[in-house]
Amino acid sequence: MTDRADGPTTLAPAPAPAPASEPEPGAALVAAGLGRKYRGGWALRDCDVAVPAGRICGVVGPNGAGKSTLLSLAAGQLKPTEGQLRVLGAAAGAPELRARVAYVPQDKPLYPGLTVAETLRMGRELNPVWDEHVVQQVIDQGELNPKARIGSLSGGQRTRVCLALALGKLPDLLLLDEPMADLDPLARHQLMGTLMSAAAERGTSIVLSSHILPELDGVIDHLLLVQRGTIRLAGDLEEILDGHHLLTGPTAEGAALADETVIEKRTSGRRTVALVRAPEPPDGPWESERPSLEDLLLGYLRAPAAPEQRNGVAA
Ligand code: ADP
């Protein structure tokens, strides 16, 4: 725990709000030269990225890419080794962010000896703003017994309690690390709906990591693709998808595609399927379609050495 710094958690008491220094109202997160090193080496390095406020931003990437490290830095639970990270206009971890940021880490830290009702009461008492309605909605949907001890709940039920606490404090920014991993499909659907309503009704910014790619489709409108400790792709999801093309055509043509535009290319017999990054699809006998989010992400994940991109523009 020596790596940990003070910062907002769902249960942390919030001090009186203080004005944020150098407000950046248009940005949920702004990283500049951000890096974090553990004993084993750099988990994240040279990250320059901005996530506008009011977005639902998916943070995706393979295991060990640095997603949790980025979220933990944003929550102020870890300190950067180098560079800066600003959250809602203040330095990550600043006391004034405690009331404005809710963070649900992967390990879902709750007190196992408390009941569900006692845990929720603690959230209500520790947070200056509290929306009992949304908390009850999340708890009731999961048919959770208020008298059940946290230690007796399944992983998915604990996730539900954590999300209820996080939503209850009506944060301006929700940081969710793999929130859907241990939920059943119905619970995922319900909770995604609740998150999207919060974003739509209150303009809550949401940054969530996930490796369940189909879950993100139709939910996120901003994308951060993290690979090997760097941001490989970042930006508005529609713009990113518009800037890529999924081509199917003869293998002979595939060999002639400009290398710098090809993210990933697979050949089977006389057919080549290629994911390319270019404003327009290339000339040639290609069938071209706009990639789905899953096509795009799988293309990048299968080809970690493809050209680096930031904000949809080659770096
Ligand atoms: P992801 O969330 O994408 O799976 P993480 O941010 O958890 O990735 O980890 C990024 C890298 O940092 C990995 O190589 C991981 O082993 C390492 N790492 C994460 N946490 C620690 C830690 N507390 N101590 C040492 N290394 C860590």
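One is the number of the first residue; the rest follow in order along the sequence. We count ligands from 1, going down the list as the structure has it; atoms in each ligand are counted the same way.
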Enquirer: Which of the numbered atoms in ligand 1 are below 4.0 angstrom from a heavy atom of Ala65?
Expert: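 So the answer, numbered in order with elements, is 1 (P), 3 (O), 8 (O).
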Enquirer: Rounded to the nearest 0.5 Å, what separation is found between the CE atom of Met192 and the CG atom of Leu183?
Expert: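 Taking CE in Met192 and CG in Leu183, the distance rounds to 9.0 Å.
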Enquirer: What pairs with Glu294 under salt bridge (Lys or Arg N to Asp or Glu O under 4.0 Å), at least two apart in sequence or on another chain?
Expert: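 Not a single residue meets the salt bridge (Lys or Arg N to Asp or Glu O under 4.0 Å) criterion with Glu294.
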Enquirer: Determine, stepwise, if the pair Cys57 / Leu224 fulfils side chain to side chain contact (heavy atoms under 4.5 Å, CB included).
Expert: CA-CA 7 Å; Cys57 174; Leu224 291 190; 3.8 Å; yes
Enquirer: Is ligand 1 under 4.0 Å from a heavy atom in the side chain of Pro62, in the backbone, in both, or in neither?
Expert: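 It is the backbone that gets close, since no side chain atom is under 4.0 Å.
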Enquirer: So is Gly66 touching ligand 1 or not, going by heavy atoms under 4.0 Å?
Expert: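 In this structure, Gly66 qualifies as a contact of ligand 1 - some heavy atom is under 4.0 Å.
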Enquirer: Got a donor-acceptor contact below 3.5 angstrom from the Gln227 side chain to the Tyr300 backbone?
Expert: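 Yes.
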Enquirer: Backbone or side chain, does any N or O of Gln106 fall under 3.5 Å from an N or O of ligand 1?
Expert: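 There is no such contact.
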Enquirer: Can you name the atoms of ligand 1, numbered from 1 with element, that are less than 4.0 Å from a heavy atom of Asn63?
Expert: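 That gives atoms 4 (O) of ligand 1.
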Enquirer: Would Thr251 and Thr272 count as having a side-chain donor-acceptor pair, cut-off 3.5 Å?
Expert: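 Looking only at side-chain atoms, Thr272 and Thr251 do form a donor-acceptor pair, the distance falling under 3.5 Å.
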Enquirer: If you count the atoms of ligand 1 from 1 in the order shown, which ones are under 4.0 Å from a heavy atom of Ser68?
Expert: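 Reading through ligand 1 atom by atom, the close ones are 1 (P), 2 (O), 6 (O), 7 (O).
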Enquirer: Can any side-chain N or O of Arg36 pair as donor or acceptor with the backbone N or O of Pro80 at less than 3.5 Å?
Expert: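 Side chain of Arg36 to backbone of Pro80: no pair is present.
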Enquirer: With respect to atom 9 (O) of ligand 1, which of Leu70, Asp177, Thr69 exhibits the smallest heavy-atom separation?
Expert: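 Closest candidate by heavy-atom distance is Thr69.
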